[in-house]
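Since we're looking at a predicted model, the values are computed, not measured.
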Amino acid sequence: MSDKSSAKFKPGLRHLIWCALVIGVGALIFFILSAFGVFRYWQAEKIPQGETTLKFSEVDLPFSNVADLDNSLPFLASAAIDIDGDGQDELFLGGGNRQADQFLRFQGGKFVPMDMSISKGDVDATHGAATMDIDNDGDTDLLVARESGIWYHENQGGSFGSVNLNLPLADNTTPLSIGLADINQDGLADMYVAGYIKLSLVEGETNFDKTYGGYSYLFLNDGNGGWTDISKSAGVFRKHNTFIGLFADLDNDLDSDLIIAQDTGVVEMYSNNGDMTFDPIPNPSVFSYPMGVAAGDYDNDGLIDLYFSNVGYTLPPAVLKGNLEKDDPFNPAYYLFHNDGGLKFSDRAEAMNAARYGFGWGTVFADMNLDGKEDLLFAQNYARFPAQKLLAKYPGKILQNYGDKFQPVEKVAGAENKNYAISPIISDFNQDGWPDLIWANLDGESLAYINQGGHDNWLKVRLPNVARSINARVMVTDNSGQTFMKQFITSQGLGSDQGRDLIFGLDGTSGPYDVRVEFQDGSSKSMSDQAAGQLLTIAAPTP
């Protein structure tokens, strides 16, 4: 071929190359967009919003957590706490490194920062909180889990005295949350400290090795400012990354059983033997990422059921299984353990539309519409997951209980939150008898929603916030014989503590109502012929 004919051919060849390149790039873009679309469809929450009478109004809450995600674990403390004993809860929110913790009061239709502080080091993120009258002097104290250890903030009537308890935690462990119980029924609050491996020692986020992680502990309150580690003698000593330990009376035998949610593992449950020892309780969990724990009687059969958040469908299971073997059972969905009695449990999450959601954290049972059925709330989104900044951001969930199923209603109710939530906080902040909602958000603004209510067919029962009240069973019976039961439970959510008043929704029932409280020491108190729409204050037993 001559040079002249070859020159004539080159422009056509260049055209073909450019066409092929454009087609190739277009095909690649189409493939990426198609894969992205398929992944987003797979990620999407499939359960539509339900119908509800719930209505919330957002109010100002001037606090924004500043998280150091490169140097701290992604958690923050939150709690409802009645600091001044007036019956109206204030709000506590933990700060990140170099950020003060904050107290706020609901006043004038909004939350207002309080001129109150507690001691804290500069580089010391606040991860968990629990409230209780620890020293039995009549006011509510604050326990806080920080990177530096467990701190006791003693309520001194308008201010707090602060001390690091210097508990003997392992060098590799950061405490995340605190669960309270009276293990030996001496009137002193004992505590379970959930521990996670320090961030500098983390070996990936999908490590299921059984010997990997921080240590968790059960400490007995000595009553003189000292705490004794009884983890080994009690049978609950363990090493694995743990988010929360919560106490509830699961078999109505008047003691506190222990429920544990751990990262890259399974749900662990322990029955209290009544002699400061515990035995494992079988449960239907498999390898997963159980994080927050909610405890409540969702079907009104008089037994406490349990709900656990999980990683959900933010990522494909093949990624989430990490170093598990191919045939190891794995579940990314949420668990709803129905209490079948006799310390036997069955998972009914899928049957109740409570299984398939996004990356979850703290979760709470609360009857938000006061219809006599416990609803579920849980926080979602992961601040340390870069892809979530580009892909799905899930709103924190309010799952309304319709009896035969749960269905989300947070959007139609006006309480949507797409920030990096760690836990919901539930309390009647404006004292109208209806539970209000705080979304405690990491690395951003927390949000506050006031319940607009609707009727006065409710009863609020208040027990003193002392160790002798923990896991007391409170029962309200209407004039037809229908009974509703709640327990005085601390530390629901994740690194959080809820309002202590037990609000019974009585819509669809008729009074007068009988109220009975059964305490763990075997004593009981009763009040008959009570009208709805009032607060009943009941004293705990004395030694």
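Taking every heavy atom of both residues into account, Asp190 and Ile183 meet most closely at OD2-N, 2.7 Å. Leu494 and Met291 make their closest contact through CD1-O, 4.2 Å (heavy atoms, listed as atom of the first residue, atom of the second, distance). Residue Arg384 comes nearest to Leu199 through the heavy atom pair NH2-CD1, 4.0 Å, listed as atom of the first residue, atom of the second, then distance. Leu176 and Thr242 get closest at one heavy-atom pair: CD1-O, 3.7 Å. Contact between Pro395 and Lys411 at its shortest, heavy atoms only, is CG-CE, 4.1 Å. Here the closest non-hydrogen pair linking Ala467 and Leu188 is CB-C, 3.5 Å.
Under the 30°/60° scheme for interplanar angles, the aromatic rings of Tyr298 and Phe365 are found to lie parallel. Between Tyr357 and Phe378, the ring planes lie perpendicular to each other; the angle is over 60°, past the 30° to 60° tilted range. Note: Phe92 and Phe103 have tilted aromatic rings, judged against thresholds of 30 and 60 degrees for the angle between ring planes. The aromatic rings of Tyr217 and Phe237 sit perpendicular, their planes meeting at an angle over 60°, well past the 30° parallel limit.
Taking the centre of each ring, Phe111 and Phe106 come in below the 6.0 Å mark. Ring pair Tyr382/Trp361: centre-to-centre distance below 6.0 Å. Taking the six-membered ring for Trp and the full ring otherwise, the centers of Phe359 and Tyr313 sit at least 6.0 Å from each other. Separation of the Phe308 and Tyr334 ring centroids does not fall under the 6.0 Å cut-off.
By the 4.0 Å N-to-carboxylate-O rule, Arg105 lies close enough to Asp84 to be salt-bridged with it.
Tyr289 and Glu205 form no side-chain donor-acceptor contact under 3.5 Å, judged by distance and modelled atom types alone. Looking only at atom types and distance, the side chain of Glu147 has no donor-acceptor partner in the side chain of Thr174 under 3.5 Å away. For the residue pair Asn471 / Ser256, a side-chain donor-acceptor distance below 3.5 Å is found, with atom types taken as modelled. Side-chain contact, Tyr152 with Glu154: no donor N or O sits under 3.5 Å from an acceptor N or O. Gln452 and Ser57 are linked by a side-chain donor-acceptor pair at a separation below 3.5 angstrom, with hydrogens and angles left out of the test. Residues Tyr335 and Ser288 bring a donor and an acceptor atom of their side chains to less than 3.5 Å of each other. No donor-acceptor contact under 3.5 angstrom links the side chains of Asp82 and Thr140, judged on distance only.
Atom NZ of Lys110 has 12 or fewer heavy atoms from other residues, nucleotides or ligands within 6.0 Å. For Asp86, the CG atom is densely surrounded, since the number of other residues' heavy atoms within 6.0 Å is greater than 12. Within 6.0 Å of CG on Asp115 lie no more than 12 heavy atoms contributed by other residues, nucleotides or ligands.
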Point to revise | Criterion side chain to side chain contact (heavy atoms under 4.5 Å, CB included) on Val293 and Tyr307, from CA distance to verdict | key: CA-CA 6 Å; Val293 184; Tyr307 189 63; over 6 Å; no
Exercise for review: Before giving the answer on side-chain hydrogen bond (donor to acceptor under 3.5 Å, both in side chains), spell out for Ser148 and Asp124 the whole-Å C-alpha distance, their side-chain angles and the decisive distance to 0.1 Å.
Suggested key: CA-CA 6 Å; Ser148 60; Asp124 199 8; 2.5 Å; yes
Exercise for review: Decide side chain to side chain contact (heavy atoms under 4.5 Å, CB included) for Leu91 and Ile438; before the verdict, give the C-alpha distance in whole Å, the side-chain angles of both, and the deciding distance to 0.1 Å.
Suggested key: CA-CA 9 Å; Leu91 177 65; Ile438 306 294; 4.1 Å; yes
Point to revise | Derivation and outcome, side chain to side chain contact (heavy atoms under 4.5 Å, CB included), residues Arg238 and Ile260 | key: CA-CA 11 Å; Arg238 51 196 299 288; Ile260 296 171; 3.8 Å; yes
Point to revise | Test log, rule side chain to side chain contact (heavy atoms under 4.5 Å, CB included), inputs Leu73 and Tyr196 | key: CA-CA 9 Å; Leu73 293 168; Tyr196 204 95; 3.9 Å; yes
Point to revise | Steps toward side-chain hydrogen bond (donor to acceptor under 3.5 Å, both in side chains) verdict (Ser64, Glu445) | key: CA-CA 4 Å; Ser64 184; Glu445 292 183 339; 5.5 Å; no
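Side-chain N or O atoms of His240 include one that pairs as donor or acceptor with a backbone N or O of Asp263 at under 3.5 Å. The backbone N or O of Gly213 lies less than 3.5 Å from a partner atom in the side chain of Asn172, making a donor-acceptor pair. Within the 3.5 Å criterion, the main-chain N or O of Phe429 finds a donor-acceptor partner in the side chain of Asp436. Listed for the Thr363 side chain is no donor-acceptor partner under 3.5 Å among the backbone atoms of Gly292. The closest donor-acceptor contact from the side chain of Asn417 to the backbone of Ala421 lies at 3.5 Å or more, if one exists at all. Between the Asp428 side chain and the Pro435 main chain, no donor and acceptor come within less than 3.5 Å of each other. With hydrogens and angles ignored, the 3.5 Å screen pairs no side-chain donor or acceptor of Asn97 with any backbone N or O of Asp68. At distances below 3.5 Å, at least one donor-acceptor pair connects side-chain atoms of Ser446 with backbone N or O atoms of Asn441. Between the side chain of Gln487 and the backbone N or O of Ala472, no donor-acceptor pair lies under 3.5 Å. Side chain of Asn381 to backbone of Lys418: a donor-acceptor contact under 3.5 angstrom is found.
Looking at Ser177, Ser423, Ser491 one by one, the single match for side chain to side chain donor-acceptor pair (under 3.5 Å) with Ser496 turns out to be Ser423. With Thr131 as the fixed residue, the side chain to side chain contact (heavy atoms under 4.5 Å, CB included) test singles out one of Asn155, Leu143, Asp497: Asp497. Screening Thr490, Asp133, Leu463 against Ser469 for a side chain to side chain contact (heavy atoms under 4.5 Å, CB included) leaves a single residue, Leu463.
Residues satisfying the salt bridge (charged side-chain N to carboxylate O under 4.0 Å, His left out) test with Asp101, not counting sequence neighbours, are Lys120, Arg146. With sequence neighbours left out, the salt bridge (charged side-chain N to carboxylate O under 4.0 Å, His left out) criterion links Arg462 to Asp501.
With a 6.0 Å cutoff to the six-membered ring centre and a 45° limit on the axis angle, Lys460 does not count as a cation-pi contact of Phe504.
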